[in-house]
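Values reported hereafter were calculated over all heavy atoms of this structure, with side chains retained and with hydrogens, waters and symmetry mates removed. We're numbering straight along the sequence, starting at 1. Source: prediction; values computed, not measured.
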Amino acid sequence: HEVSTGGATRRPRGTEATDMHAMTDGQSVTGVALRWVAHKGYGFIKPDDGGEDLFCHFSSIEDGDCLADGAKVWFVKSFDDRKGKERAEQVTGGSRNEGGSGGGGGGDGGGGDASG
């Protein structure tokens, strides 16, 4: 039974993530990050349950803006109608590109080390 407090309906604690995942095509699964292309802002994930590697855009990473090669990640498989194949969404296990290796889909246009 839900509790109403001042017009807002409260749900039991811990149901938010379950509800969020229920809106997607699949359930959360694990995999390993592969081939991150920093200057393009995407990479691929090899699912632990087999199957083909899944595309992952940096905007789908919930706790970072890139994936470290070999990192354990959690994600939801979602079907991309335009591409006609599955892709990774709601990805966790990400990293932050702190500018150490340049790129990452940013807008600084940098990368040059032209000091004079």
Side-chain angles (χ1 to χ4, degrees):
H1 182 232
E2 294 176 337
V3 178
S4 181
T5 55
T9 303
R10 304 192 98 188
R11 297 177 186 214
R13 203 171 188 73
T15 59
E16 296 83 6
T18 304
D19 290 347
M20 183 175 69
H21 290 303
M23 294 187 304
T24 64
D25 293 340
Q27 53 189 325
S28 186
V29 293
T30 57
V32 177
L34 305 172
R35 301 189 314 269
W36 187 258
V37 185
H39 66 281
K40 299 271 191 178
Y42 70 82
F44 297 90
I45 296 174
K46 180 168 192 61
D48 288 342
D49 64 3
E52 65 180 58
D53 298 348
L54 301 177
F55 176 84
C56 175
H57 191 260
F58 80 93
S59 64
S60 297
I61 303 170
E62 297 183 342
D63 60 351
D65 57 11
C66 65
L67 298 177
D69 287 357
K72 178 86 163 179
V73 294
W74 292 260
F75 60 95
V76 173
K77 290 181 183 179
S78 177
F79 192 79
D80 185 334
D81 291 323
R82 275 192 293 157
K83 302 280 186 185
K85 56 175 101 173
E86 288 183 316
R87 64 184 287 157
E89 297 284 348
Q90 299 175 26
V91 181
T92 56
S95 300
R96 288 262 174 229
N97 183 354
E98 300 291 342
S101 58
D108 65 352
D113 221 24
S115 54

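Distance alone, capped at 3.5 Å, places no donor-acceptor pair between the Asp80 side chain and the Lys85 backbone. In terms of modelled atom types and a separation under 3.5 Å, the side chain of Asp48 and the main chain of Val29 share no donor-acceptor contact.
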side-chain contact (heavy atoms from CB on, under 4.5 Å) between Leu54 and Phe75, worked out: CA-CA 10 Å; Leu54 301 177; Phe75 60 95; 3.4 Å; yes

Check step by step if side-chain contact (heavy atoms from CB on, under 4.5 Å) holds for Arg96 and Asp65. CA-CA 5 Å; Arg96 288 262 174 229; Asp65 57 11; 4.3 Å; yes

Run the side-chain contact (heavy atoms from CB on, under 4.5 Å) check on Phe44 and Phe55 step by step: do they pass? CA-CA 5 Å; Phe44 297 90; Phe55 176 84; 4.2 Å; yes

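In this structure, Ile45 and Ala88 approach most closely via the heavy-atom pair CD1-CB, 3.8 Å. When every heavy atom of Cys56 is checked against every heavy atom of Trp36, the shortest pair comes out as O-CZ3, 3.7 Å. Annotation for Ala68 and Ala33: closest pair O-CB, 3.3 Å, computed over non-hydrogen atoms.
If you take CG on Asp69 and CG on Leu34, they are separated by 7.0 Å, rounding to the nearest 0.5 Å. The distance from atom OG1 of Thr92 to atom CG of Leu67, rounded to the nearest 0.5 Å, is 10.0 Å. Between Ile61 atom CD1 and Glu89 atom CD the span is 11.0 Å, to the nearest 0.5 Å.
The one candidate from Lys77, Arg87, Arg35 that meets the salt bridge (charged side-chain N to carboxylate O under 4.0 Å, His left out) condition with Asp53 is Arg35.
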